[in-house]
Amino acid sequence: MIVKYGGNAMKNLELRRAVAREIAELRGAVPVVVVHGGGPVIERELQARQIPSEFRQGLRVTSPQAMDVVEMALCQLNKQLSQEIGQAVGLMGRDSHLLTADLLDPELGRVGRMTSVNAELIRTLLGAGLTPVIGSVAVGPDGEALNVNADTAAGAVAGALGQGIMFLTDVDGVYRDYPDPASRAATLSRAEVQEGIADGWIAGGMIPKVQAALDALDRGAPYATIASGMHSGVLAQAAAGQAGTRITP
Ligand SMILES: Nc1ncnc2c1ncn2[C@@H]1O[C@H](COP(=O)(O)OP(=O)(O)O)[C@@H](O)[C@H]1O
Ligand SMILES: CC(=O)N[C@@H](CCC(=O)OP(=O)(O)O)C(=O)O
């Protein structure tokens with residue numbers, strides 16, 4: 001299983017450690033690959049340096065200066081998470097061409113569009129009994145660092161491995177009437193996702209998440225679920241269809 005662990009769900013250290021324990025328990029039953037974000041940590045580090053930041057369609061416009069901060073912040077988080085999960089190896093997408101990307105749109109600066117995943121490296125680590133923990137900075141055509149949205153990176157990893165993906169975030173799933181949790185959709189089809197984006201009830205950081213879920217399904221992932229990483233037990237519940245929003249083809 002691929003677990004995408006979002007920055008918004010890991011703001012609380014105690015909770016982050018609880019999720020790390022849950023991931024460690026889960027891998028007794030299934031091999032687990034973690035892909036993580038870290039939006040709030042990046043934000044904090046940019047603010048500390050008075051570097052302004054702007055989002056378009058859920059993607060951070062990334063200047064070369066901001067790219068350095070993104071990489072620094074995600075690298076540190078990567079090591080913390082790997083240590084907390086244990087028997088894990090923390091890698092950035094730049095290691096051994098784990099994640100490669102092209103420039104998505106010059107207007108967004110150093111933001112990457114995923115082009116490939118080194119699935120062999122991931123399988124080698126899993127084969128050695130280690131959990132890969134992957135930060136979403138990819139290597140570009142000229143060897144430069146590119147900022148890839150972590151949902152997009154995780155979707156590409158799930159697609160490349162042909163495995164299911166669980167997106168852990170700070171909401172219980174996709175709400176038809178955000179922010180009312182009672183409006184959570186148990187399942188959403190591709191047509192409903194497209195309608196949600198067009199009508200605006202799927203917005204901001206939820207857009208790359210649902211798109212990454214569809215992308216993973218298109219590439220052969222057996223399931224893609226968006227669920228909350230804010231309470232314990234959610235991985236097992238969501239896997240059993242008892243929590244979150246399952247995106248269907
Ligand atoms: N329809 C929706 N249902 C739930 N959340 C939504 C919806 N539309 C937008 N959002 C926003 O998406 C956020 C989750 O995305 P994001 O902030 O990028 O999280 P993460 O750090 O986990 O990737 C929610 O906190 C919420 O503000
Ligand atoms: C291009 C782009 O937007 N990159 C993201 C990468 C981190 C991320 O995606 O973190 P979450 O999973 O916490 O949202 C960013 O700079 O915030």
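Keep in mind the model is a prediction, meaning the values are calculated, not measured. Values below: all heavy atoms of this structure, side chains included; hydrogens, waters and symmetry mates excluded. Whatever order the structure lists them in is the order used to number ligands and atoms, beginning at 1.
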- Item | Atom pair OG/NE2 of Ser116 and His97 - distance to nearest 0.5 Å | 7.5 Å
- N/O of Ala203 under 3.5 Å from N/O of ligand 1, yes or no? yes
- Val148: heavy atom below 4.0 Å from ligand 2, yes or no? yes
- Message: Using a 3.5 Å distance criterion without hydrogens, assess whether the side chain of Glu192 forms a donor-acceptor pair with backbone atoms of Ser189.
- Response: yes
- Query: Just how far is it from atom NZ of Lys4 to atom OG1 of Thr152, taken to the nearest 0.5 Å?
  - Reply: 9.0 Å
- Query: Do Met230 and Leu15 have side chains that get closer than 4.5 Å, going by heavy atoms?
  - Reply: yes
- Message: On a heavy-atom basis, I'd like to know which of Gly112, Gly135, Ala150, Ala73 is closest to atom 8 (C) of ligand 2.
- Response: Ala150
- Message: Can you report which non-hydrogen protein atom sits closest to atom 5 (C) of ligand 2, along with the distance?
- Response: Asn147 OD1, 3.7 Å
- Message: Counting non-hydrogen protein atoms only, what is the nearest one to atom 13 (O) of ligand 2? Give residue, atom name and distance.
- Response: Gly7 N, 2.8 Å
- For atom 16 (O) of ligand 2, what's the nearest protein heavy atom and its distance? Arg60 NE, 2.7 Å
- Among non-hydrogen protein atoms, atom 12 (O) of ligand 2 lies closest to Lys4 NZ, 2.5 Å
- Item | Rounded distance (nearest 0.5 Å) linking atom CG of Asp170 with atom CG of Asn12 | 12.5 Å
- Identify which of Thr169, Asp180, Val174 has a heavy atom lying nearest to atom 14 (C) of ligand 1. Thr169
- Message: Check for me whether Gly205 has a heavy atom closer than 4.0 Å to any atom of ligand 2.
- Response: no
- Look at atom 10 (O) of ligand 2 and say which protein heavy atom is nearest, naming residue and atom and giving the distance to 0.1 Å. Gly38 N, 3.0 Å
- Protein residue, atom and distance nearest to atom 7 (C) of ligand 2, heavy-atom basis: Ile42 CD1, 3.8 Å
- Would you call Glu144 and Arg110 a salt bridge, taking side-chain N to carboxylate O under 4.0 Å as the test? no
- Cationic N near anionic O, under 4.0 Å, Glu45 to Arg49: yes
- Message: Between Arg123 and Glu120, does any NZ, NE, NH1 or NH2 come within less than 4.0 Å of an OD or OE carboxylate oxygen?
- Response: yes
